[in-house]
Amino acid sequence: LSLQCLDYSSGALTGDLCEDLCVAQKLVYKHCLYYDRGKKVIQADWRGRPIILKSKKEIFSSYQHLSMLEEVETQDIPETELLLMVAVEVKNVLGLELSNNTMGPLWTRKKGPRWKAQVASMWSLLQQEEYIYFSLLQDFSKHVLRIIGSCGHFYAVEYLTAGHAWHKTLFPLENVVGPSLAGHRSRVRAITDIALSFLDMVQHFDNDFSHRLHLCDIKPENFAIRHDLTVVAIDVDMAFFEPKMRDILEQNCTGDEDCNFFDCFSKCNLKIRKCGAQRANNNLQVICDKIFRRWFSPNLRGPLVSLPLQLQLQKAVQECAEPGYVDAAGHQRTLKSLSELYHLLRVTQRELQRAE
């Protein structure tokens with residue numbers, strides 16, 4: 001982060017966290033959590049609380065420069081022109097048309113000192129899909145990370161512990177239920193509550209935006225759990241709204257295997273050798289397959305929940321995890337699975353409450 005502070009002191013970049021990082025020393029580097037081809041995820045301490053700093057590229061100058069900044073005095077660029085540039089960039093990245101009044105979270109800079117650095121910093125952030133997702137969804141979704149602030153191309157988000165495939169319960173539950181409550185009954189109760197939050201997230205991403213949000217890389221490492229047991233998507237590099245998803249899936253093919261984009265599958269039309277634009281599976285099916293299967297197995301559930309209910313849950317998860325089909329029957333089957341899982345998990349909650 002020393003290069004970041006050099007760029008800040010030279011006036012190349014700015015942000016609401018730069019002063020704390022570079023001058024007041026209230027934002028302190030702890031360690032690097034992830035580094036791959038320039039993408040950096042850092043754990044830091046900000047005013048006594050842990051946070052995460054993220055950037056898709058390590059160096060500010062690696063981002064595409066806004067040539068307009070050299071051609072005119074930035075103070076002379078009308079606000080409407082900047083908002084139009086933001087809208088065009090969002091359309092390029094997400095495939096979404098946004099109105100000016102939706103731009104609020106993405107364009108909060110005001111004219112004044114360091115105006116040119118503000119615009120340059122904004123432009124570097126707009127080239128990062130995750131930043132756009134988190135910013136746009138801040139006020140609409142409890143299932144995405146909260147953005148705390150930024151400095152140049154690095155943006156800070158709340159610190160949450162990610163899941164791990166090797167963890168027995170996939171998520172370190174002692175972080176959310178506390179070590180004293182990490183007994184078997186508390187674990188089962190927490191898993192039931194978290195599973196319900198996953199279902200809430202599925203419904204929310206399917207229905208609550210202007211377009212469905214598809215998650216194409218579903219694994220424990222890409223989610224975390226808040227203290228209230230809400231599921232949070234912490235890595236949305238592979239999340240796509242419906243228009244962009246259709247563009248990605250519609251490729252040339254010789255068989256169905258050519259139509260698989262990570263966890264998002266389509267079907268190959270052999271007559272025209274083209275993948276269908278509509279996704280054949282869905283978020284719920286992949287969550288059932290990759291997360292719920294691990295949870296709702298006999299070795300984890302134990303004697304706290306009645307055997308008939310355990311068997312019903314296992315059967316419901318198994319059916320939910322089966323690959324779907326792109327037709328009305330497939331859609332109905334998904335709705336049935338969602339409804340059945342909600343019902344069985346709520347019955348599980350009641351059984352656990354009675355046992356206590």
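Numbering starts at 1 and runs along the sequence shown.
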Residues Cys268, Cys259; criterion disulfide bond (SG atoms under 2.5 Å apart); working and verdict:
CA-CA 6 Å; Cys268 182; Cys259 303; 4.7 Å; no

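- For the two cysteine residues Cys288 and Cys320, the thiol sulfurs sit under 2.5 Å apart.
- Closest approach of Gly152 and Cys18 over heavy atoms only: N-SG, 4.1 Å.
- Each of Leu6 and Leu1 belongs to its own hydrophobic cluster when Ile, Leu, Val, Met, Phe, Trp and Tyr are linked at side-chain heavy-atom distances under 4.5 angstrom.
- Annotation for Leu345 and Ala195: closest pair CD1-CB, 3.8 Å, computed over non-hydrogen atoms.
- Nearest heavy-atom pair across Thr230 and Lys142 is CG2-O, 3.7 Å.
- Tyr63 and Ser55 are linked by a side-chain donor-acceptor pair at a separation below 3.5 angstrom, with hydrogens and angles left out of the test.
- Between the Glu58 side chain and the Gly38 main chain, no donor and acceptor come within less than 3.5 Å of each other.
- No more than 12 heavy atoms of other residues, nucleotides or ligands shown are found within 6.0 angstrom of CZ on Phe262.
- Ring centroid separation for the pair His214 and Phe240 does not come in under the 6.0 Å cut-off.
- The minimum heavy-atom distance between Glu89 and Leu126, with the atom names listed, is CG-O, 3.6 Å.
- Take Cys32 and apply the disulfide (SG to SG under 2.5 Å) test, not counting sequence neighbours, and it matches no residue.
- Separation of atoms CG (Leu137) and NE2 (His204) is listed at 7.0 Å; rounding is to 0.5 Å.
- Ionic pairing of Asp289 and Arg293 is present here: one or more N-O contacts between side-chain nitrogen and carboxylate oxygen are shorter than 4.0 angstrom.
- Checked by atom type and distance alone, the side chain of Lys244 pairs as donor or acceptor with a backbone atom of Val93 at under 3.5 Å.
- A donor-acceptor contact shorter than 3.5 Å is absent between the side chain of Ser339 and the backbone of Lys336.
- Using a 4.5 Å heavy-atom threshold, the side chains of Arg279 and Arg212 count as separate.
- Remark: side-chain polar atoms of Gln43 are not paired, donor with acceptor, to backbone N or O of Ile52 under 3.5 angstrom.
- When each of Leu215, Asn282, Val286 is paired with Asp263, the side chain to side chain contact (heavy atoms under 4.5 Å, CB included) condition holds for Val286 and for no other.
- Residues Lys54 and Tyr34 fail the side-chain proximity criterion, which asks for heavy atoms closer than 4.5 Å.
- Hydrophobic clustering of Ile, Leu, Val, Met, Phe, Trp and Tyr side chains at less than 4.5 Å, counting indirect connections, unites Leu136 with Phe140.
- The shortest heavy-atom contact between Pro172 and Ala162 is CD-O, 3.8 Å.
- One finds the NE2 atom of His143 at 4.5 Å from the OG atom of Ser197 (value rounded to the nearest 0.5 Å).
- Counting only distance, with no hydrogens or angles, the side chain of Glu158 and the backbone of Arg146 share a donor-acceptor pair below 3.5 Å.
- The structure places OG of Ser121 at 4.5 Å from CZ of Phe60, a figure rounded to the nearest 0.5 Å.
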CA sep, side-chain torsions, deciding dist, call: Asp217, Asp237, side-chain contact (heavy atoms from CB on, under 4.5 Å)
CA-CA 8 Å; Asp217 190 11; Asp237 274 341; over 6 Å; no

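- The minimum heavy-atom distance linking Asp235 with Glu130 is given by the pair CA-OE2, 3.0 Å.
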Under the side-chain contact (heavy atoms from CB on, under 4.5 Å) rule, what do Tyr342 and Asp200 come out as? Steps first, then yes or no, please.
CA-CA 9 Å; Tyr342 262 125; Asp200 289 344; 2.5 Å; yes

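- Using a distance-only test at 3.5 Å, with no hydrogens or angles considered, a donor-acceptor pair links the side chain of Gln128 to the main chain of Lys56.
- Of the possible polar contacts, one joining the Gln127 side chain to the Gln64 backbone as a donor-acceptor pair under 3.5 Å is found.
- The CG atom of Asn222 sits 5.0 Å away from the NZ atom of Lys219 when rounded to the nearest 0.5 Å.
- Note that CE of Met201 and CG of Leu213 are 9.0 Å apart. Values are rounded to the nearest 0.5 Å.
- A salt bridge does not link Glu319 with Arg333: every distance from a Lys NZ or Arg NE/NH1/NH2 to an Asp or Glu carboxylate oxygen is 4.0 Å or more.
- Legend: residues meeting side chain to side chain contact (heavy atoms under 4.5 Å, CB included) with Asp20, ordered by chain and number and at least two apart, are Ala24, Lys26, Leu27, Trp46, Arg47.
- Here SG of Cys22 is found 7.5 Å from CG of Leu13. Values are rounded to the nearest 0.5 Å.
- Checked against the 2.5 Å cut-off, the SG-SG distance between Cys253 and Cys275 does not fall under it.
- The closest donor-acceptor contact from the side chain of Glu351 to the backbone of Ser306 lies under 3.5 Å.
- Screening Leu313, Ile191, Leu170, Ile287 against Phe292 for a side chain to side chain contact (heavy atoms under 4.5 Å, CB included) leaves a single residue, Ile287.
- When atom types are taken as modelled, the side chain of Gln138 and the backbone of Ile147 share a donor-acceptor pair closer than 3.5 angstrom.
- Distance alone, capped at 3.5 Å, is enough to place a donor-acceptor pair between the Gln310 side chain and the Val305 backbone.
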